[in-house]
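Chain letters run A, B, ... following the sequence lines, proteins first and then strands; every chain starts at 1.
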Amino acid sequence: MQDRYDFKSIEKKWQDIWDKEEAFRTYEDYDKEKYYVLEMFPYPSGKLHMGHVRNYSIGDVIARFKKMSGFNVLHPMGWDSFGLPAENAAIKHGIHPFEWTNHNINDMKNQLFSLGLSYDWSREVATYKPEYYKWTQWLFIQFYKNGLAYKKDNPVNWCPDCNTVLANEQVVEGCCERCSTPVIKKHLSQWYLKITDYADRLLDDLENLEGWPDKVKAMQRNWIGKSEGVEVKFSIDCEDKDLVVYTTRPDTLFGVTYMVLAPEHPYVKEFTKGTKYESAVNTYIEECAHKSELERTSLTKDKTGEFIGKYAINPVNGKKVPIYISDYVMMDYGTGAIMAVPAHDQRDFEFATVFGLDIIPVVKVDGVDLDNLTEAAAAEGIMINSGKYNGMNNKQAIQSISAELEEQGLGKKSINYKLRDWLISRQRYWGTPIPMIYCEHCGWVPENDDNLPVLLPTDVEFTGKGSSPLTSSKTFRHCTCPKCGRPAEREIDTMDTFLDSSWYFLRYCDANNDNHIFDSTKVNYWMNVDQYIGGVEHAILHLMYSRFFQMFINDIGLSQSDEPFRNLLTQGMVTKGYYDSKNNYIVAKMSKSLGNVVSPAEIQNKYGTDTARLFILFAAPPEKELEWSDAGVEGSYRFLNRVYRLVMDYIENIRGPERNFSEPQISSTTDKNLNYIINATIKKVSEDAGGRFNFNTAIASIMEFVNEMYKYIQSKEINLPLFNKAIETLIIVLNPFTPHITEELWQLLGNEERLYETKWPEYDASALIKDEVEVIIQINGKLKDKMTIPNNTEKEVAEKSAKELDKIKDALCDKEILKTIFVPNKIVNFVVK
RNA sequence: GCGCGAAUGGCGGAAUUGGCAGACGCACUAGAUUUAGGUUCUAGCGGGAGACCGUGGGGGUUCAACUCCCUCUUCGCGCACCA
């Protein structure tokens, strides 16, 4: 027997067989219960990393387990293949994005293939293919026809480095999420999707997503940012205009000491024009306009602002308060104006401190000295300095004051969201063309369905400079109006790639349909995705956009599902320790710049794919961070060799010529123990791998099983039918984790049938009932001794046996037993004085 | 500041319903096999001489707490001048 099993030839052999036999091709079988397991499709960067391996290994275990358990499993793969890197490669190396992407997909597909993943490749999709983006364009037109897509001139987030606009969601701490360049504001006419129409539904339906991590739901809730408050109308002294502000704290109205407008508020220029305040105010506005989002939202800086020379009149007490402008008020939230209550809002408190404005407390908060405030008192309390509301709890006052304002026509209840409409225009080449046409007579008109897809032109220069690359095409721009037939111009921006990935899971259900986006019958059979797996970095963007798309697709009657993903598993990062320049040991996400990367190919060459998969699944629960350990990989490799030797030893030395074994007869204690662990392992692996996705403990139990089998073959009397059952069980339950080695061993045992098609075993509950059990004996809850007694021994009998044990006798001799707690087959606990 | 989560041996982690804390693996130690190294196999492996003590700290509930309640600390992640 060889020292180490030959993983290289075994893995290649089975990958080729699965491919040739189309082993994982899936057909709609409407009588069979379906299971749709999906891993987030990758961007084809060309290189597979450990994060991918982890993601796809998790999905593959689930897919293989569910298939063996009798489900009709849909497990597809594809490519999120539009996006900037391809275009940057074109600018840098002169390769056309199409070539670059094609090449990378080819490379990555080979790498995926080498992982032995059970995909149905006949359903492969790639978002850059015209047969895919045709339907992305078609969907956009459906949004447009339903009033959910519009073009608007707005200040937008602009990344000067990527030369394109960004969605709100793509701005991280004021910087471009891709290149970290500070984002600036620019006025541009852009296409938007009206996701805000779905704000409430996106928020409320989160409650029903029980299979989602709380963290992700919390992040989406936070992002939608619903807040309920009141719009209050202040009149302006010496002007016949009202100033409307939005507040969630109408109870603090009596504490208003000034007002603040956003610098961009239209009143500002109007009120200051020709006054002595004009130049200072204009200077301030200029300063704000030149600040990046990062500078403007920085928390550490002191509050700044300017008085604009006007006063507002408080509707509840007629008090005159000054109006300021300051950049801590945002034009695009609420009404772009606030009432300031420095006593109860920290930002107002800071501003009032800088500008020496009054601070009037109106809510008495427990434990706060209102006469010497050092910070705003935002907590709950009792109303003071508030006329007839004095003495009322401030929560009640919110209701009473809102109601009264509403009655008097001075205010109305209002709901605000942080969620903005989704800006989807990109001044880029490598994306889905927006299928809209501008006609001087008809305005914006969608391209006719018959003319879809609007193809990306090939005669385009990649300079990385100037406006949208599509402008440089001689063929693309000019067209005729689909409505009136006059000469017209195409939209030259492309779509945000997040549109492409917001519906790909639907296309998998009917990937090769040329006539429709998909057949609804098929979609209704497969959807929703039963288990979605991917990184938590998509918690907001991709996962919220996809929910929005699914809701819309549901609304227009194309799918019965209104949520795309029933269950979501967010896998943890793959990290590795390294020593920094000061020789500190640091554990961080694998990254090229830190030099702590382990490439999948390296591990596959040294130990094989099965070892790589096994280690990744064993080292940590899937949602937790996984620290790479070379020694740990060795351990997994050692285990697989141990399995290989055990089975080969069985085939070559133990089994003999007999192949067909009858149902095992079990009588001896060692046989009973082996039968016990066979069934206990089936139970454990089924629950851990198929239910709660704790692959680490499932694998641990298989390792215990193997340890027990090694012990069993030490005994001279081997019950062949039983041991044969143990060997077969081992190979089957290990198969979803390490498919190649198990498939090989299955064949070596003499099986004609493929292992991946084998039925998952059911455990025999009666085998789990032991004849004798170990019971622990406690005194006052502390462990004192143990004894082995027959299963299901009565309380009185167990108590009596326990008292006869020497240790217990000694411990009890001078004590009075107050009571005895008995847990059948587990515990006898004497409570003594 | 708001939200989510975590803290268990030298390390990764287990304990699913409150019932033997440390499964399984790594590292380590000793022995066997081997010319030797590696491989493999066997045994040991929280602390303490011991009574006992041990799941971040303190308190509580309970016959019994890693698990439930209160409180504090530390760390990770996400969001954040959103009125």
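As judged by a 4.0 angstrom heavy-atom cut-off over every strand, A:Lys418 is placed among the base-contacting residues. A:Pro213 comes within 4.0 angstrom of nothing in the nucleic acid, heavy atoms only. Within 4.0 Å of A:Gln346, counting heavy atoms only, lies no atom of the nucleic acid at all. Contacts of A:Asn696 with the nucleic acid, taken as non-hydrogen atoms under 4.0 Å apart, involve only primed sugar atoms and P, OP1 or OP2. Nucleic acid contact class of A:Arg221 (heavy atoms, under 4.0 Å, all strands): none. A:Lys711 comes within contact range of no nucleotide atom at all, as no heavy-atom separation falls under 4.0 Å. At the heavy-atom level, A:Glu774 lies under 4.0 Å from base atoms of the strands shown. A:Ser629 comes within 4.0 angstrom of no nucleic acid atom, judged by non-hydrogen atoms across all strands. Note on A:Gly635: only backbone sugar-phosphate atoms sit closer than 4.0 angstrom, heavy atoms only; bases stay farther off.
For the pair A:Asp251 (side chain) and A:Ala397 (backbone), a donor-acceptor distance under 3.5 Å is absent. Side chain of A:Arg54 to main chain of A:Ile616: no donor-acceptor pair is present (N/O by atom type, distance under 3.5 Å, no hydrogens or angles). Here the side chain of A:His344 pairs a donor or acceptor atom with the backbone of A:Ala377 at under 3.5 angstrom.
Listed nucleotides: B:rC4, B:rG13, B:rC79. Nearest to the side chain of A:Lys624: B:rG13. Nearest to the side-chain atoms of A:Lys826 among the listed nucleotides B:rG19, B:rC41, B:rC52 stands B:rG19. Across B:rG25, B:rG19, B:rG13, the shortest atom-to-atom separation from the side chain of A:Val823 is found for B:rG19. In this structure, of B:rC24, B:rU16, B:rC26, it is B:rU16 that holds the atom nearest to the side chain of A:Lys684. Set against B:rC63, B:rC81, B:rU40, the side chain of A:Ile821 has B:rC63 as its closest nucleotide. Listed nucleotides: B:rA83, B:rA15, B:rG5. Nearest to the side chain of A:Asp214: B:rG5. Which of B:rA83, B:rG78, B:rC20 sits closest to the side chain of A:Tyr333 comes down to B:rA83. When the nucleotides B:rC79, B:rG12, B:rA83 are ranked by their closest atom to the side chain of A:Met330, B:rA83 comes out on top. Out of B:rG12, B:rG78, B:rU16, the shortest distance to the side chain of A:Phe618 is found at B:rG12. Comparing B:rG25, B:rC4, B:rU40 by their nearest atom to the side chain of A:Met703 picks out B:rG25.
For A:Ser227, a side-chain nitrogen or oxygen approaches OP1 or OP2 of B:rA83 to under 4.0 Å. Of the side-chain N and O atoms in A:Lys784, one or more sit less than 4.0 angstrom from OP1 or OP2 of B:rC52. Put simply, A:Lys217 has no side-chain N or O that comes within less than 4.0 Å of OP1 or OP2 on B:rG3. Within the structure, every side-chain polar atom (N or O) of A:Arg4 is placed at least 4.0 Å from both OP1 and OP2 of B:rG38. Taking only side-chain nitrogens and oxygens, A:Arg645 never comes nearer than 4.0 Å to OP1 or OP2 of B:rU39.
Here the P atom of nucleotide B:rG76 and the CD1 atom of A:Ile586 are 12 Å apart, to the nearest Å. Distance CD (A:Glu625) to C1' (B:rG13): 13 Å, rounded to an integer number of Å. With rounding to whole Å, A:Tyr637 atom OH is found 18 Å from B:rG25 atom P. Rounded to whole angstrom, the span from the CD atom of A:Glu623 across to the P atom of B:rG78 amounts to 17 Å. Atom NE2 of A:His538 and atom P of B:rG78 are 14 Å apart (whole Å). Put simply, CE on A:Met219 is 14 Å from C1' on B:rC2, counting in whole angstrom units. When the P atom of B:rA65 is taken as reference, atom CD1 of A:Ile827 falls 11 Å away, rounded to whole Å. Whole-Å rounding puts the A:Ile415 CD1 to B:rA83 C1' distance at 16 Å.
B:rU62: no Watson-Crick or G-U partner with both key distances under 3.5 Å is found in any strand. Base pairing analysis places B:rU16 opposite nothing; no Watson-Crick or G-U wobble pair with both distances below 3.5 Å involves it. The base-pairing partner of B:rC28, taking Watson-Crick or G-U wobble contacts with both distances under 3.5 Å, is B:rG44. Nucleotide B:rG1 has B:rC79 as its partner under the Watson-Crick or G-U criteria, with both atom distances under 3.5 Å. When both pairing distances are held under 3.5 Å, B:rU74 makes a Watson-Crick or G-U pair with B:rA6.
The distance between the ring centers of A:Phe351 and A:Tyr328 falls below 6.0 angstrom.
A donor-acceptor contact under 3.5 Å links the side chain of A:Lys303 to the base of B:rC81. For B:rC63, its base never sits under 3.5 Å from the side chain of A:Lys819 at any donor and acceptor pair. One donor-acceptor pair, N or O on each side, does fall under 3.5 Å between the base of B:rC63 and the side chain of A:Asn829.
In this structure, B:rG9 shows a glycosidic angle within 90 degrees of zero, which is the syn conformation.
Here, B:rU73 and B:rC63 have their P atoms 32 Å apart, quoted to the whole Å. For B:rA64 and B:rU17, the C1' atoms lie 15 Å apart once the distance is rounded to whole Å. Taking atom C1' on both B:rA21 and B:rU40, the two are 32 Å apart, rounded to the nearest angstrom. B:rU33 sits 45 Å from B:rC66 when the P atoms are compared, rounded to a whole Å. Across the C1' atoms, B:rC77 and B:rU67 are found 24 Å apart, a figure rounded to whole Å. The gap from the P atom of B:rG37 to that of B:rC20 amounts to 44 Å, rounded to the nearest Å. For the P atom pair drawn from B:rG57 and B:rA30, the interatomic distance equals 34 Å after rounding to whole Å. For the P atoms, the distance from B:rC68 to B:rA7 is 11 Å, rounded to whole Å.
The distance from atom CG of A:Asn707 to atom CD1 of A:Ile677, rounded to the nearest 0.5 Å, is 8.5 Å.
Of the N and O atoms on the side chains of A:Asp200 and A:Tyr417, at least one donor lies less than 3.5 Å from an acceptor on the other residue. A side-chain N or O of A:Thr304 and one of A:Tyr284 form a donor-acceptor pair less than 3.5 Å apart. Between the side chains of A:Thr697 and A:Asp688, at least one donor-acceptor pair of N or O atoms lies under 3.5 Å.
Residue order along RNA chain B, read from the 5' end via each residue's closest nucleotide, puts A:Asn694 first among A:Asp348 and A:Asn694. Take the nearest nucleotide of RNA chain B for A:Leu783 and for A:Asp345: the residue whose nucleotide is more 5' is A:Leu783.
For A:Lys418 and A:Tyr333, the positive end is not near the middle of the six-membered ring at less than 6.0 Å and at most 45° from its axis.
With a 6.0 Å radius and a threshold of 12 heavy atoms from other residues, nucleotides or ligands, A:Lys589 has its NZ atom at or below the threshold.
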